[in-house]
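What follows is a single structure, written as structure tokens, with notes after it.
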Amino acid sequence: MTFSRVRLDHKGIEQTLKTDPGIASKINDLVEQIGQDCRDTAEDQDQVFVDHYTTDRTAGAVTVLTEEQVKNGILTRAAAKAGLEVKTK
């Protein structure tokens with residue numbers, strides 16, 4: 001069996017994440033999808049918060065009440081449903 005070395009272009013990846021509008025759009029869509037899934041299952045939809053922001057690249061956050069996460073795992077389930085890898089510590 002032959003193995004090939006792969007060298008990642010970290011600067012190129014960084015530049016793409018910072019400037020490609022398609023990446024920004026996908027991130028925003030994913031955050032909205034997770035937020036909507038949380039709203040659909042939350043006891044109080046007004047307590048699900050979706051935030052879009054920019055650091056050196058596009059980012060987003062979904063916040064739910066602690067008791068909703070502890071009791072029902074709504075954020076973990078929504079993230080996994082959206083295809084994100086969810087790990088425990």
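Computed over heavy atoms, backbone and side chain alike; hydrogens, waters and symmetry mates excluded.
A pairwise comparison of heavy atoms in Val86 and Ala79 identifies CG2-CB, 4.0 Å as the closest pair. Across Ala42 and Val48, no two heavy atoms sit closer than the pair CB-CG2, 3.9 Å.
Each side chain to side chain donor-acceptor pair (under 3.5 Å) pair with one or both residues in residues 74-84, not counting sequence neighbours, appears once here: Asp37-Lys81, Gln69-Thr76.
Here Gln45 contributes atom CD and Cys38 contributes atom SG; the two are 11.0 Å apart, rounded to the nearest 0.5 Å. Taking CZ of Arg39 as the reference point, atom CD of Gln47 lies at 11.5 Å (rounded to 0.5 Å). How far NZ of Lys26 is from CG of Asn28: 12.0 Å, rounded to the nearest 0.5 Å.
Side-chain contact check for Asp51 versus Thr63: every heavy-atom pair is 4.5 Å or farther apart. Residues Glu43 and Lys71 form a side-chain contact, since some pair of their non-hydrogen atoms from C-beta on lies under 4.5 Å apart. Put simply, the side chain of Arg57 does not reach to within 4.5 Å of the side chain of Thr19, judged on heavy atoms. Considering only heavy atoms from C-beta on, Thr16 stays 4.5 Å or farther from Glu14 through its side chain.
Each of Leu65 and Ile34 belongs to its own hydrophobic cluster when Ile, Leu, Val, Met, Phe, Trp and Tyr are linked at side-chain heavy-atom distances under 4.5 angstrom. Residues Phe49 and Ile27 do not share a hydrophobic cluster, clusters being chains of Ile/Leu/Val/Met/Phe/Trp/Tyr side chains in contact below 4.5 Å. Criterion: ILVMFWY side-chain heavy atoms under 4.5 Å apart, direct or through other members. Under it, Ile23 and Ile13 are part of a common hydrophobic cluster. With hydrophobic clusters built from ILVMFWY side chains whose heavy atoms lie under 4.5 angstrom apart, Ile74 shares a cluster with Leu84.
Partners of Asp20 according to the side chain to side chain donor-acceptor pair (under 3.5 Å) rule, which considers only residues two or more places apart in sequence or in another chain, do not exist here.
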**OP:** Take Asp29 and Gln33, measure what side-chain hydrogen bond (donor to acceptor under 3.5 Å, both in side chains) needs, and give me the verdict at the end.
**Re:** CA-CA 6 Å; Asp29 290 348; Gln33 177 186 346; over 6 Å; no
**OP:** Take Thr58 and Leu17 through the test side chain to side chain contact (heavy atoms under 4.5 Å, CB included) and record every step on the way to the result.
**Re:** CA-CA 8 Å; Thr58 300; Leu17 289 173; over 6 Å; no
